[in-house]
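Atoms within a ligand are numbered from 1 in the order they appear, just like the ligands themselves.
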Amino acid sequence: MAEDWSAELRRAAAYVEAHAADFEQRWAQWLRIPSISADPAHRPDLERAADWLLEQFRGLGLTAEKIPTAGAPLVYAESPPVQGAPTALVYGHYDVQPAEPIQAWESPPFEPTRRNGAMYARGATDDKGQLLTHLWSTEAWLRAVGRLPVQLKFLIEGEEEIGSSHLEQFLRDRPQRAVCDCVVISDGAQFGPDQPAICYGLRGIAYYELRLKGPKRDLHSGSFGGTVTNPANALAQMLAGLVDERGRIQIPGFYDDVTPLSAEERERLASLPFDEEKFLADLGVSGATGEEGYTLLERRWARPTFDIHGLWSGYQGEGAKTVLPAEAGAKFSFRLVPYQDPAKITLGLRQRLQELCPPGIQMELLETHGTPAVLAPVESPYVQAAVRAIQQAFGRPPVFIREGGSIPIVAAFQQAFPIPVLLVGWGQDDDNTHAPNERLRLVDFHRGIQASIYLWAELALAFPRH
Ligand code: BES
Ligand code: ZN
């Protein structure tokens with residue numbers, strides 16, 4: 001007979017209600033720590049953010065440890081095994097993106113502020129707030145009920161925003177630590193306001209830095225312009241040569257491994273309640289762009305793209321300066337779709353950039369990080385369990401979506417264990433992730449906690465009993 005958890009669920013829900021303010025307050029404490037993984041100067045903050053989390057796990061009586069890596073530490077915690085019930089592994093990250101441009105924040109990025117029904121801070125949603133929903137649901141079960149319906153493992157890292165290389169290494173070296181029946185990740189978004197979603201696909205990424213050197217010193221552009229290649233001009237031409245006006249990426253072999261979208265999936269994506277006009281209006285733009293022949297959602301989730309993230313060269317100060325700069329550089333990436341291999345993309349890119357590189361320019365291409373795309377199977381009793389948990393917490397069933405972002409460890413989990421990965425994001429697309437004024441709405445935070453409370457019970461009920 002299936003167990004009935006209704007009395008326990010009521011007790012856990014009452015605990016959450018009584019502790020809502022305390023949950024927000026501890027979340028804000030964590031957000032004060034500027035755990036920016038991209039900047040080595042913040043290494044001590046990564047350590048502090050990991051320590052804070054470790055204390056929370058220990059305070060709940062979980063077995064927890066901080067695992068050093070060659071980069072930022074991992075935090076691992078587990079609850080006791082539960083006979084006849086599955087083990088779920090919660091993954092998340094305590095590192096955050098740089099907060100620049102700081103002056104564009106309405107309240108300082110590391111001084112969490114509650115306003116308009118949301119918590120504003122760097123990491124509010126990506127991923128401290130979303131990750132904490134699973135910790136607070138665990139706390140509610142343990143404190144109000146005394147036990148969890150499933151075994152939980154938490155594997156939390158501090159380098160997601162820079163490619164997760166040390167966690168990948170850890171999974172290769174010590175996969176037994178992560179053995180589980182399913183993985184749960186909240187590091188994405190709902191489909192829209194009040195429209196929760198389960199995500200079954202993420203794009204991959206291949207990220208690069210290109211550095212160009214021209215003459216050995218800056219030159220007067222009047223005296224020297226027209227004689228030697230200007231690295232800034234070269235950079236503009238080379239980057240423009242990577243994509244054509246139809247949005248097709250111009251790298252040899254780039255599309256070789258891209259599989260066409262099935263008619264059935266295109267239909268399913270087209271049936272999602274998506275308002276393109278509103279999407280563009282919210283972003284303050286007058287028109288869309290992208291690869292010809294695909295809808296906006298297809299281009300956003302299921303087609304590869306090229307984007308420049310940073311450009312530097314020449315004079316950036318006030319007024320005009322007529323200089324022919326000696327150097328130029330850019331950071332850029334390609335979002336990848338299933339079956340594209342970041343290493344193959346690098347080979348093609350190198351070849352293409354060499355073709356595009358004009359005389360008198362020395363180029364250096366650095367590979368920053370790369371991760372393949374993933375497609376997660378949706379036919380699983382655990383996915384059905386997540387559907388029921390979300391339905392109960394949000395009052396409506398989730399839709400199935402893909403997302404355009406990347407979570408490097410998902411592919412590594414899929415390689416290590418053939419198990420379902422549940423991507424259940426609680427945020428919204430307008431939460432300003434990676435941008436100024438990042439936030440998570442308090443309703444989404446609290447509904448996330450509720451859904452997570454239900455999820456542990458639903459996963460227990462979904463476990464095949466022998
Ligand atoms: N939370 C995002 C991933 C994400 C973004 C999922 C949008 C769903 C929708 C994650 O923290 C992230 O930003 N990942 C990086 C990974 C990269 C640096 C390897 C990304 O996608 O840029
Ligand atoms: Zn992120």
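- At a 4.0 Å cut-off, at least one heavy atom of Ile205 sits close enough to ligand 1 to count as contact.
- In this structure, the protein non-hydrogen atom closest to atom 10 (C) of ligand 1 is Glu160 OE2, 3.1 Å.
- Of the protein's non-hydrogen atoms, the one nearest atom 16 (C) of ligand 1 is Ser406 O, 3.4 Å.
- Under a 4.0 Å heavy-atom criterion, Pro408 is in contact with ligand 1.
- A salt bridge (charged side-chain N to carboxylate O under 4.0 Å, His left out) with Glu298 holds for exactly one of Arg303, Arg266, Arg402; it is Arg266.
- Nearby protein atoms of type N, O or S around the Zn ion (ligand 2) amount to 4 (distance under 2.8 Å).
- Contact annotation for Arg402 and ligand 1: no heavy atom of the residue comes within less than 4.0 Å of the ligand.
- Shortest contact from atom 18 (C) of ligand 1 to any protein heavy atom: Glu161 O, 3.3 Å.
- Remark: the Thr125 side chain and the Gln130 side chain contain an N/O donor-acceptor pair separated by less than 3.5 Å.
- Between Glu65 and Arg177 there is a salt bridge, since at least one side-chain N of the basic residue sits less than 4.0 Å from a carboxylate O of the acidic one.
- A side chain to side chain donor-acceptor pair (under 3.5 Å) with Asp95 is found for one member of Ser35, Ser37, Ser164 and no other, namely Ser37.
- Judged by the 6.0 Å distance and 45° axis criteria, Arg32 is not positioned over the aromatic ring of Trp52.
- For the pair Asp187 and ligand 1, the shortest N or O to N or O distance falls below 3.5 Å.
- For ligand 1, the atoms closer than 4.0 angstrom to any heavy atom of His93 are 11 (O).
- Salt-bridge annotation for Asp444 and Arg439: absent, with no side-chain N of the basic residue lying under 4.0 Å from a carboxylate O of the acidic one.
- Within 6.0 Å of atom CZ in Arg58, more than 12 heavy atoms from other residues, nucleotides or ligands are found, so the atom counts as buried in its surroundings.
- For Leu296, the side-chain contact (heavy atoms from CB on, under 4.5 Å) test picks out Phe274, Glu276, Phe279, Leu280, Ala288, Arg299, Arg300, with sequence neighbours left out.
- Atom OH of Tyr339 has 12 or fewer heavy atoms from other residues, nucleotides or ligands within 6.0 Å.
- Under the 4.0 angstrom criterion for non-hydrogen atoms, His434 is in contact with ligand 1.
- At least one heavy atom of Arg335 sits closer than 4.0 Å to an atom of ligand 1.
- Around CD of Glu267, the count of heavy atoms belonging to other residues, nucleotides or ligands within 6.0 Å does not exceed 12.
- What sits closest to atom 17 (C) of ligand 1 on the protein, heavy atoms only, is His369 CE1, 3.8 Å.
- Among all protein heavy atoms, the one lying closest to atom 5 (C) of ligand 1 is Gly405 CA, 3.6 Å.
- In terms of polar-atom proximity, defined here as any N/O pair under 3.5 Å, Glu403 makes no such contact with ligand 1.
- Inspection of the Thr433 and Asp126 side chains reveals no N or O donor paired with an N or O acceptor under 3.5 Å.
- Atom CD of Gln316 has more than 12 neighbouring heavy atoms from other residues, nucleotides or ligands inside a 6.0 Å radius.
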